Amino acid sequence: MFQAAVIGLGKIGLTFDIPFQGKAHSHSMAYLLHPEIELAAAVGRRQAQAEQLAKVAPETKFYLDSELSAMLSQQHLDLISICTPPSVRYELLQTVLEQSSSRLIFLEKPVANTREEAERIISLCKRHSDRTVVVNLSRRWSEGAKQVREAVGKGTYGKVKKIHLRYSRGITNTGSHLFDMVRYLAGAIEHVQVVERVATNLDAVEDWTYSFFFTADGGSITGYAEAFDDRLYNLFDIVLYLEKGVIEMVKGGDEIRYSATEPHPVQPGIKQLVYERTETGMLSKSSNMQNAVDHLVHILQTGVEPICSLADGMDPLYVAEALNQSYAGGKSVRVRCR
């Protein structure tokens with residue numbers, strides 16, 4: 001039985017699952033539901049969080065954040081989730097790495113608030129190379145993303161040539177998942193050119209939202225990310241245009257549509273797109289968080305490489321930085337080398 005702890009008992013740490021709706025959406029509940037994990041401890045900022053934790057995990061020991069060092073010394077942990085705001089991420093990671101022997105750290109996104117702090121985190125983790133850090137870019141754990149990645153990897157519809165993105169709610173909020181999905185499904189974004197900035201609710205926290213052109217995968221893929229105001233509606237759609245078909249992930253990834261090519265009936269030498277099928281209910285097929293924890297257990301058991309590494313987690317920060325630079329300078333910007 002692997003021993004786990006959760007540091008940070010906000011929404012993603014715990015309260016998404018109070019009351020519990022049948023599938024885990026928080027780190028705490030995903031650990032509680034896994035047959036090979038014991039949620040030994042949890043750390044929160046307020047004593048009231050102990051009462052919330054007791055509703056679902058009465059046997060889990062609660063510590064205030066001022067008692068973090070005590071928790072790390074008293075508990076023999078294999079796995080620690082860090083679900084705190086990124087503003088305290090470096091110092092917290094340093095404490096966890098230096099004061100515990102936990103083999104695996106499950107880190108919430110964004111990894112840091114700035115590129116400079118992210119690079120400090122990279123240097124810190126290099127000094128503790130015997131540990132594994134997995135970043136929770138949660139859409140990587142979805143059934144839909146797995147299915148599309150397999151179709152692209154097998155070359156079922158040929159190579160990806162163009163990508164159209166439709167999104168809202170900021171380049172660090174929704175954008176982190178969006179940029180990561182491009183990387184995961186087709187190849188890393190390498191150049192960006194902002195077209196416009198679109199107002200959204202997240203302007204209040206300076207999480208800007210841009211429409212922009214981009215290139216990916218060594219320039220072999222061109223794309224356009226179209227931004228929308230989330231005060232009108234929320235969007236997260238990815239359309240892949242391949243050599244022999246189109247794959248559309250729409251409705252936030254809940255629906256995936258496949259189209260293939262066939263010879264045009266009246267124009268010799270021309271091909272047309274023909275609808276093949278639609279996969280629906282992808283988001284209800286399984287819990288992304290429970291899938292993630294299954295993968296963490298697999299890492300602990302076999303040493304398999306993480307599906308979402310620290311390097312993967314850093315990448316959206318570099319894309320966001322390049323977008324801000326492009327908007328400020330009015331020109332194309334190369335995304336910082338990984």
Side-chain angles (χ1 to χ4, degrees), residues 137 139-167 174-195 210-228 235-283 285 305 307-309 311-312 315-316 318-319 322-323 326 332-335 337-338:
L137 285 163
R139 291 176 185 268
R140 287 202 179 206
W141 322 112
S142 70
E143 293 290 337
K146 179 181 177 182
Q147 185 181 109
V148 173
R149 180 176 164 88
E150 288 177 353
V152 172
K154 291 177 180 177
T156 306
Y157 300 93
K159 294 180 180 180
V160 177
K161 303 300 291 183
K162 293 182 179 291
I163 299 175
H164 184 198
L165 310 173
R166 296 185 292 265
Y167 80 108
T174 299
S176 62
H177 294 289
L178 194 74
F179 310 151
D180 182 63
M181 279 290 94
V182 173
R183 177 182 172 93
Y184 185 61
L185 299 174
I189 295 173
E190 292 159 345
H191 286 87
V192 296
Q193 170 72 67
V194 170
V195 176
Y210 303 114
S211 293
F212 61 94
F213 294 109
F214 64 91
T215 62
D217 195 34
S220 67
I221 297 171
T222 59
Y224 180 59
E226 188 173 6
F228 293 83
L235 282 174
F236 190 100
D237 296 341
I238 301 172
V239 183
L240 304 179
Y241 294 89
L242 303 98
E243 294 171 312
K244 298 182 290 184
V246 175
I247 303 175
E248 303 171 76
M249 299 180 70
V250 298
K251 298 182 180 179
D254 193 50
E255 186 171 297
I256 304 176
R257 304 168 188 160
Y258 295 87
S259 298
T261 58
E262 66 176 25
H264 196 281
V266 296
Q267 293 180 288
I270 301 296
K271 295 180 181 178
Q272 65 178 1
L273 283 169
V274 178
Y275 169 78
E276 279 193 334
R277 71 185 192 281
T278 297
E279 301 284 348
T280 60
M282 301 304 295
L283 298 181
K285 289 184 182 297
E305 289 296 313
I307 287 175
C308 194
S309 67
D312 294 320
D315 193 72
Y318 296 145
V319 176
L323 285 166
S326 176
S332 175
V333 173
R334 180 175 179 81
V335 177
C337 293
R338 282 72 172 181

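It should be emphasised that the depicted structure is a prediction, and the values quoted were computed from it without experimental measurement.
Residues Lys244 and Gly155 share a closest heavy-atom pair of NZ-O, 4.2 Å. Across all non-hydrogen atoms, the minimal contact from Ile221 to Ala186 is CD1-CB, 3.7 Å. Gly219 approaches Glu190 most closely through the heavy-atom pair N-OE1, 3.2 Å. The nearest pair of heavy atoms linking Pro316 to Leu137 is CG-CD1, 4.2 Å.
Side chains of Phe214 and Leu165 form a contact here, defined as non-hydrogen atoms less than 4.5 Å apart. Within the 4.5 Å cutoff, the side chain of Pro265 has heavy atoms near those of the Gln272 side chain. Put simply, the side chain of Cys308 reaches to within 4.5 Å of the side chain of Trp141, judged on heavy atoms. Side-chain atoms of Val152 and Leu240, non-hydrogen and from C-beta on, do get closer than 4.5 Å to each other. Val239 is not listed as a side-chain neighbour of Ile163, based on a closest heavy-atom distance of 4.5 Å or more.
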Worked verdict on Leu178 versus Phe236 for side-chain contact (heavy atoms from CB on, under 4.5 Å): CA-CA 8 Å; Leu178 194 74; Phe236 190 100; 3.9 Å; yes
Apply side-chain contact (heavy atoms from CB on, under 4.5 Å) to the pair Val195 and Phe213, showing each step before the final yes or no. CA-CA 7 Å; Val195 176; Phe213 294 109; 3.4 Å; yes
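Here the straight-line distance linking atom OG of Ser259 with atom CD1 of Ile247 works out to 9.5 Å at 0.5 Å rounding. Taken to the nearest 0.5 Å, the OG1 atom of Thr222 stands 11.0 Å off from the OH atom of Tyr241. Rounded to the nearest 0.5 Å, atoms CZ (Phe179) and OG1 (Thr174) are 9.5 Å apart. The CG atom of Asp217 lies 12.0 Å from the CG atom of Leu185; values are rounded to the nearest 0.5 Å. Here CZ of Arg139 is found 9.0 Å from OG of Ser176. Values are rounded to the nearest 0.5 Å. In this structure, Ile256 CD1 and Thr278 OG1 are separated by 10.0 Å, a value rounded to the nearest 0.5 Å.
Every residue meeting the side-chain hydrogen bond (donor to acceptor under 3.5 Å, both in side chains) condition with Asp312, not counting sequence neighbours, appears here in chain and number order: Arg140, Arg183, Ser309. Remark: Tyr167 engages no residue in a ring pair (Phe, Tyr, Trp, His ring centres under 6.0 Å) (not counting sequence neighbours). A search for side-chain hydrogen bond (donor to acceptor under 3.5 Å, both in side chains) contacts involving Arg149 returns nothing, not counting sequence neighbours. For the salt bridge (charged side-chain N to carboxylate O under 4.0 Å, His left out) test, no residue two or more places apart in sequence or in another chain qualifies with Glu243.
Applying the salt bridge (charged side-chain N to carboxylate O under 4.0 Å, His left out) test to residues at least two apart or on different chains, none of the pairs has a partner in residues 150-164. Among pairs with a residue in residues 250-266, those fulfilling salt bridge (charged side-chain N to carboxylate O under 4.0 Å, His left out) read Glu248-Arg257, Lys251-Glu255, Glu255-Arg257, at least two apart in sequence or across chains.
Side-chain atoms of Tyr184 never come within 3.5 Å of backbone atoms of Gly187 as a donor-acceptor pair (strictly under, hydrogens ignored). Remark: the backbone N or O of Ala227 is paired with a side-chain donor or acceptor of Ser211 at under 3.5 angstrom.
With no hydrogens or angles considered, no side-chain donor-acceptor pair links Tyr224 and Gln193 at under 3.5 Å. Residues Tyr258 and Gln147 have side chains that bring a donor and an acceptor to within less than 3.5 angstrom of each other.
Looking at Arg166, His164, Met249 one by one, the single match for side-chain contact (heavy atoms from CB on, under 4.5 Å) with Asp237 turns out to be Arg166.
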